[in-house]
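We name chains A, B, ... by the order of the sequence lines, and we start the count at 1 in each one.
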Number of protein chains: 2
Amino acid sequence: MNNLTLKQMRYFEALARHGHFGRAADVCAISQPALSMQIKDLEGSLGTALFERGARSVRLTSFGMEFARRVRDILRGVDELADLARASQDRLVGRLRMGVIPTVAPYLLPSLIADLSRNYPDLDLHLRETMTQNLLNEIAEGRLDTAIVALPVSEPSLSEVALFSETFILVRPASDANKPVPNRETLRELRLLLLEEGHCFRDQALSFCNLPSTQPRELLDGSSLTTLVQMVSAGIGVTLIPQMAVPVETRSARVSLARFAAPEPERTIGMIWRKTSPFALQLGQIAEVVRQSAETLRAQSL
Amino acid sequence: MNNLTLKQMRYFEALARHGHFGRAADVCAISQPALSMQIKDLEGSLGTALFERGARSVRLTSFGMEFARRVRDILRGVDELADLARASQDRLVGRLRMGVIPTVAPYLLPSLIADLSRNYPDLDLHLRETMTQNLLNEIAEGRLDTAIVALPVSEPSLSEVALFSETFILVRPASDANKPVPNRETLRELRLLLLEEGHCFRDQALSFCNLPSTQPRELLDGSSLTTLVQMVSAGIGVTLIPQMAVPVETRSARVSLARFAAPEPERTIGMIWRKTSPFALQLGQIAEVVRQSAETLRAQSL
DNA sequence: TCAATGCGATAAGTTTTTCTGATGAATAAT
DNA sequence: ATTATTCATCAGAAAAACTTATCGCATTGA
């Protein structure tokens, strides 16, 4: 009766995710009939249907949904077992899947990758750049081991350590160079260009000006800091960028930079991971490497 | 790389539990070489030893310990999957493993079993009578689905519902019938007979007298309420028994009964189960049956 | 000291499970 | 009507897992 197998669960999970036997079979690197049979066996030994086979669609039954939720938990636990074994080998080797938010990645990664491969030559580093919410989901699902995001995250299931803090720098058209630096109130009168919805840096900037992040804005949103700075240099408005982005983003743009009067706006960048991660110890070491990498970067840019 | 199987985990768990290949193989209903091979494969694919094979002993390595902890979680999750499938069949059928504390079981079970089989004819009811602490462990390990114990239990991972409350009745030798009923202070002067260590009813009685449960007592302990009542009828001392036990225990014993003055001592009996149990819904219904069963029992004994 | 015993590993052969490739049946798109 | 797409089925092949028999090693008891 109770011969569920992990193989069946993996196949099931793939099918649930893709809703397509052929596609799922490819992902599992088996033939489509093999997957069909395993799913059938699985449903047979459960005594219930997991999928509703429409003519051109495969959808989970309501029971299948709950089943999928639990299966994912189990598979995550199993994958962590394998990781745990590797981690117990005292040295971190093998795959490390790290996510980084877009307003950090372009500036930190070049030197970070170099530093990590120097310190962990056997590390197979997988990187992914996306916004905080996606990173959190992927960490929870066990599809990432760790991520570099703006703190605080305040997820009780995650460990977080601070890496460094950086101030926000005001970017204005070159012609504004001699105008007085606005404060958080007068900044609101200017045409402030921001990243599009979902970027934490957008919310931080808005919160510095005491503006609600939900309020509809008629202002132009950019999809990257590079775009924003280009827009500023074209005289369209002003923007904020994090300190770390300054060297890269203002290298070729004709803009003027200014720091705010104290208290300057700033954000703290940190690293997070699942508390239950078997890498917990090693991730602490990794964090130290990241911290030094960022430190070196900052020293160079001064 | 990642072809751990549930079979290997089940075998591993059995071996970890028994520390003996032959014994574990028996439990798994396979031959000893089959188990040896699977364990070897498992260790091979993890790249680490799980067991330390001594000359006449098989012990977990420290890594094996952590591994075992996680494997048990996973296996519990998998077993719950199968349960979930059954539970989704809207009606509760199949095995239900229920534990009951010894100071409730003998009085409640006869009618409860009858009522349950009437309401759930397809239910395969497994019962186990032991003390609260054991019940809690076995529930946590997934070896029991539910238990009937004295509340509160206050385990955040468990759901608890109250079933009924019952007062404690004073049992004295027949010759004491006309003496005044003692209160919680004067009760301490008497020779109070109690159940042995570990019974929650013992602690409740002691707490009623404001006595610490750890304090060494020179009094005689009994292993069942029946024994205690027999001792009372022999004139050795006095004791307390829960209301529900009165009809059965005093049927053939020459003792006198008395209720305490208000506030009477009492306990609340309830049912508990893992919040994550796939039966959660059905267990609620079961609890209702138990409640009615106890209600009927009480009505009859008046 | 020397067999006897208990226990886990190994080996060879068999059974069971799982997979592939070919094909069928049903439905939707052209 | 025809073709394309997609999941199910079938037969044979490949892989995995199991069983029985046996080995080697260490401890035990005479």
Side-chain angles (χ1 to χ4, degrees), chain A residues 1-61 63-64 67-68 71 75 78 81-82, chain B residues 1-61 63-64 67-68 71 75 78 81-82:
Chain A
M1 233 294 131
N2 204 15
N3 25 0
L4 308 191
T5 68
L6 283 181
K7 210 180 279 196
Q8 288 174 339
M9 292 188 207
R10 290 221 145 85
Y11 293 175
F12 164 78
E13 206 280 329
L15 182 54
R17 181 180 296 274
H18 292 97
H20 187 289
F21 280 74
R23 228 76 54 71
D26 278 354
V27 170
C28 299
I30 56 166
S31 66
Q32 170 263 316
L35 187 126
S36 280
M37 287 190 297
Q38 289 299 332
I39 297 293
K40 207 181 98 174
D41 283 358
L42 179 59
E43 291 182 323
S45 67
L46 292 174
T48 316
L50 291 167
F51 295 97
E52 211 179 301
R53 277 87 156 167
R56 193 143 299 236
S57 69
V58 176
R59 279 195 315 283
L60 283 168
T61 61
F63 167 66
F67 194 81
V71 163
L75 292 179
V78 172
L81 274 186
Chain B
M1 233 287 131
N2 204 16
N3 27 0
L4 309 190
T5 68
L6 283 181
K7 209 179 280 194
Q8 288 174 339
M9 293 188 204
R10 292 221 144 86
Y11 293 174
F12 164 79
E13 205 281 328
L15 182 54
R17 181 180 297 272
H18 292 96
H20 187 291
F21 279 74
R23 228 79 51 72
D26 278 354
V27 170
C28 299
I30 54 167
S31 66
Q32 170 263 316
L35 188 126
S36 281
M37 287 190 298
Q38 290 298 332
I39 298 292
K40 210 180 96 173
D41 283 359
L42 179 58
E43 292 183 323
S45 68
L46 292 174
T48 317
L50 291 167
F51 295 97
E52 212 176 302
R53 277 88 156 165
R56 194 144 299 238
S57 68
V58 177
R59 280 195 314 284
L60 282 169
T61 61
F63 167 66
F67 194 80
V71 163
L75 291 180
V78 172
L81 273 187

Rounded to the Å, how far apart are [X] [atom1] and [N] [atom2]?
X       : N      : atom1 : atom2 : value
B/Met9  : D/dA17 : CE    : C1'   : 17 Å
B/Leu42 : D/dA16 : CG    : P     : 16 Å
B/Leu35 : D/dT19 : CG    : C1'   : 14 Å
A/Gln8  : C/dT18 : CD    : P     : 7 Å
B/Asn3  : D/dA15 : CG    : P     : 14 Å
B/Phe21 : D/dG24 : CZ    : P     : 19 Å
A/Asp26 : C/dT20 : CG    : C1'   : 14 Å
A/Leu15 : D/dT6  : CG    : C1'   : 12 Å

DNA chain C: 5'-proximal contact among A/Pro33 and B/Lys7 (nearest heavy atom):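 Nearest nucleotide further toward 5': that of B/Lys7.
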With rounding to the nearest 0.5 angstrom, report the CZ to OG distance, A/Phe21 to A/Ser36.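 One finds 4.5 Å between CZ of A/Phe21 and OG of A/Ser36.
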Ignoring hydrogens, what is the shortest heavy-atom contact between A/Leu4 and A/Ser45? Give both atom names and the distance.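 Nearest heavy atoms, A/Leu4 then A/Ser45: CD2-OG, 3.6 Å.
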Candidates [options] - which lies nearest the side chain of [X]:
X       : options                : value
A/Ile30 : C/dC19, D/dT9, D/dA17  : C/dC19
B/His20 : C/dC7, C/dG21, C/dA9   : C/dC7
B/Arg23 : D/dT20, C/dC7, C/dT18  : C/dC7
B/Thr5  : D/dA17, D/dT20, C/dC19 : D/dA17
A/Ser36 : D/dT20, D/dT9, C/dC19  : D/dT9
A/Met37 : C/dT20, D/dA8, D/dT20  : C/dT20

Might you work through the side chain to side chain contact (heavy atoms under 4.5 Å, CB included) test for A/Val27 and A/Arg17, ending with a clear yes or no? CA-CA 11 Å; A/Val27 170; A/Arg17 181 180 296 274; over 6 Å; no
Sugar-phosphate, base or nothing in reach of B/Tyr11, heavy atoms under 4.0 Å: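 Sugar-phosphate contact only.
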Classify the nucleic acid contact of B/Gln32 as base, sugar-phosphate or nothing, counting any heavy atom under 4.0 Å across all strands shown.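 Base contact.
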So, do B/Lys7 and B/Ile30 sit near enough that their side-chain heavy atoms are less than 4.5 Å apart?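 SC-SC contact between B/Lys7 and B/Ile30 ruled out.
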N/O donor-acceptor pairs under 3.5 Å from side chains in residues 46-55 of chain B, not counting sequence neighbours:
{"unit_1": "B/Thr48", "atom_1": "OG1", "unit_2": "A/Gln89", "atom_2": "OE1", "d": "3.2"}
{"unit_1": "B/Arg53", "atom_1": "NH1", "unit_2": "B/Glu43", "atom_2": "OE1", "d": "3.0"}
{"unit_1": "B/Arg53", "atom_1": "NH1", "unit_2": "B/Glu43", "atom_2": "OE2", "d": "3.0"}
{"unit_1": "B/Arg53", "atom_1": "NH2", "unit_2": "B/Glu43", "atom_2": "OE1", "d": "3.3"}

Any side-chain N or O of [X] below 4.0 angstrom from OP1/OP2 of [N]?
X       : N      : answer
A/Arg53 : D/dT6  : no
A/Gln38 : C/dC19 : yes
B/Lys40 : C/dG8  : no

